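Here is the naming used below: chain letters follow the sequence lines, and residue numbers restart at 1 for every chain. A quick note: this is a predicted structure, and the numbers were derived from the prediction, not measured.
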2 protein chains.
Amino acid sequence: MAGPPAERPLPLNPDEEALVRALGQVMHVLPRTIDGDMIADRQLPLTEYTALMNLSEAPDRRMRMHELASLCHLSLSGMTRTIIRLETQGLVKRERCEEDARGWNAVLTDAGFARLEESWPSHLAAVRRRFLQHFDGFDLAQLARAFRSAGTTD
Amino acid sequence: MAGPPAERPLPLNPDEEALVRALGQVMHVLPRTIDGDMIADRQLPLTEYTALMNLSEAPDRRMRMHELASLCHLSLSGMTRTIIRLETQGLVKRERCEEDARGWNAVLTDAGFARLEESWPSHLAAVRRRFLQHFDGFDLAQLARAFRSAGTTD
DNA sequence: CCCATTTGCTTGACCAAGCAACAACCGGCT
DNA sequence: AGCCGGTTGTTGCTTGGTCAAGCAAATGGG
């Protein structure tokens, strides 16, 4: 990545420029908009929804902090703090991990599952309306591959 | 956005699901990666680079806080603080706006311009490598349109 | 078996950024 | 002239990120 101070590479062409700007916009606007929708609609911030959702899909509705953090795109400390918030609301509880007593499992409670059940349609609608809707004619699978390749630490 | 508690809409199909997950990943990883590249390479965080860049393209290298914030995809308060950081480094100065005494102009200094000159190739390289490269076969203009439509507050 | 190292998670400090409440100021209306 | 709604920035609080330190459990070499 490093190099001599001042090369003079070719600047972006207009299409590249437009795409980069538009992506910047989306990255800024989209999470906030969806979070706003969720809060307005179900009083459940996107981060907490995401945690509940990933837990609900895990076997036995439980997961180690490390794995959950990575699925939620959160740092481990951010995950800890999120789980603490959810725990105080009774939506999640923590249990020591049996096969490795250093570890903890975040476990979805029944209340947490109910909260999720009542919230996912709202999340789904937001995702459709704020994002997917705008990619109607596109080859989504191909797009997904490109994004995945841009998102995996190259 | 609001509705009765528990509708049962169709879930996302696998391609939609994959795209949403991949975008989540990118939104999380990309800014941090590029920011990391810029810091490693030029000790200039992405946010500060973006501010300098937008200022440099403005007439007289000056801009009102409001407009600069919007171009940088930053809240006004975030912009205030960024400009304060840049000001303490001597890269920007603030001047009262003459035609409106509430307003301020952020003005790029010569030092700021020099900093930008020395940094933009690094930014450009990061954007190419971390993002554009992964969209080789795509119709970038069409993509840009879709992203713009998803990014404008619907 | 014991001690050093590593691993999994928590915690605290510090920073960046968003939102909401605020202050200063403009401009139009009466 | 004086007020009032809207605009422009700034500040206080919360969330989240990184980094470093701490602690408890696990692992491995002597």
Side-chain angles (χ1 to χ4, degrees), chain A residues 24-25 27-40 43-51 62-89 92-107 153, chain B residues 24-25 27-40 43-51 62-89 92-107 153:
Chain A
Q25 175 95 334
M27 292 195 308
H28 180 252
V29 162
L30 203 60
R32 267 168 267 292
T33 310
I34 294 180
D35 187 56
D37 288 346
M38 298 282 304
I39 291 176
Q43 288 69 262
L44 186 62
L46 180 55
T47 303
E48 303 184 7
Y49 172 83
T50 307
R62 73 184 49 224
M63 214 183 292
R64 298 285 291 269
M65 297 300 290
H66 177 76
E67 193 184 352
L68 185 54
S70 127
L71 288 177
C72 293
H73 305 306
L74 268 170
S75 69
L76 199 45
S77 60
M79 196 72 247
T80 295
R81 288 155 182 154
T82 301
I83 288 296
I84 289 174
R85 276 195 310 273
L86 289 170
E87 206 176 17
T88 67
Q89 301 173 57
V92 153
K93 61 181 188 292
R94 272 186 289 187
E95 293 177 358
R96 279 223 104 95
C97 178
E98 303 192 347
E99 56 276 8
D100 184 342
R102 287 170 299 184
W104 292 84
N105 281 303
V107 188
T153 315
Chain B
Q25 176 94 336
M27 292 194 309
H28 181 252
V29 160
L30 202 60
R32 267 172 264 292
T33 310
I34 294 180
D35 186 56
D37 289 346
M38 298 282 303
I39 291 176
Q43 287 70 259
L44 185 62
L46 180 54
T47 303
E48 302 183 8
Y49 172 82
T50 307
R62 76 182 48 224
M63 214 183 294
R64 298 286 291 268
M65 297 299 290
H66 177 76
E67 192 184 353
L68 186 54
S70 126
L71 289 177
C72 293
H73 304 307
L74 227 54
S75 69
L76 203 43
S77 63
M79 196 72 249
T80 295
R81 284 155 181 154
T82 301
I83 288 298
I84 289 175
R85 271 187 323 263
L86 289 169
E87 205 176 18
T88 67
Q89 300 173 57
V92 154
K93 60 181 189 289
R94 271 189 291 188
E95 292 177 359
R96 277 222 105 94
C97 178
E98 304 192 346
E99 57 275 11
D100 184 342
R102 290 168 299 184
W104 292 83
N105 281 301
V107 188
T153 315

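In terms of phosphate contacts, His28(A) brings a side-chain nitrogen or oxygen within less than 4.0 Å of OP1 or OP2 of dG18(C).
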_Worked verdict on Arg32(A) versus Asp35(A) for side-chain contact (heavy atoms from CB on, under 4.5 Å)_ = CA-CA 5 Å; Arg32(A) 267 168 267 292; Asp35(A) 187 56; 5.6 Å; no
*Taking it one step at a time, do Arg64(A) and Asn105(A) satisfy side-chain contact (heavy atoms from CB on, under 4.5 Å)?*
CA-CA 5 Å; Arg64(A) 298 285 291 269; Asn105(A) 281 303; 3.6 Å; yes
_Apply side-chain contact (heavy atoms from CB on, under 4.5 Å) to residues Leu68(A) and Ile83(A) and explain how you reach the verdict._
CA-CA 10 Å; Leu68(A) 185 54; Ile83(A) 288 296; 3.9 Å; yes
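When rounded to the nearest whole Å, the span between CG of Leu46(A) and P of dG18(C) equals 16 Å. One atom, CG of Leu74(A), and another, P of dC9(C), lie 15 Å apart when rounded to the nearest Å. The CZ-P distance, from Arg64(A) to dT7(C), rounds to 14 Å in whole Å. Taking atom CG on Leu30(A) and atom P on dG18(C), their separation rounds to 15 Å, with Å as the unit. Between the CE atom of Met27(A) and the P atom of dA17(C) there is a distance of 13 Å, given to the nearest Å. If you take CD1 of Ile83(A) and P of dC9(C), they are 11 Å apart, rounded to a whole angstrom. Going from atom CD of Glu99(A) over to atom C1' of dG8(C) covers 13 Å, rounded to whole Å. Distance, Asp35(B) CG to dG16(D) P: 19 Å, rounded to whole Å.
Between the side chain of His28(B) and the main chain of His73(A), a donor-acceptor pair closer than 3.5 Å is present.
Taken from CD1 in Ile84(A) to CE in Met79(A), the straight-line distance is 10.5 Å, to the nearest 0.5 Å. Summarising the geometry, atom CH2 belonging to Trp104(A) is positioned 6.5 Å from atom CZ belonging to Arg94(A); distances are rounded to the nearest 0.5 Å.
The side chain of His66(A) lies closest to dC9(C) when the candidates are dC9(C), dG17(D), dA25(D). Among the nucleotides dC25(C), dG17(D), dG8(C), the one closest to any side-chain atom of Arg32(B) is dG17(D). In this structure, of dG17(D), dA25(D), dC25(C), it is dG17(D) that holds the atom nearest to the side chain of Ser75(A).
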Dump the pairs, protein N or O against N or O of nucleotides 10-15 of chain C, anything under 3.5 Å, distances to one decimal.
unit_1, atom_1, unit_2, atom_2, d
dT10(C), OP1, Arg94(A), NH1, 2.4
dT10(C), OP2, Thr80(A), OG1, 2.6
dG12(C), N7, Arg81(A), NH2, 3.1
dG12(C), O6, Arg81(A), NH2, 3.4
dA13(C), N6, Arg81(A), NH2, 3.4

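Between His73(A) and Cys97(B), it is Cys97(B) whose nearest contact on DNA chain D lies nearer the 5' terminus.
Counting heavy-atom neighbours within 6.0 Å of Glu98(A) CD, excluding the residue itself, gives a total of 12 or less.
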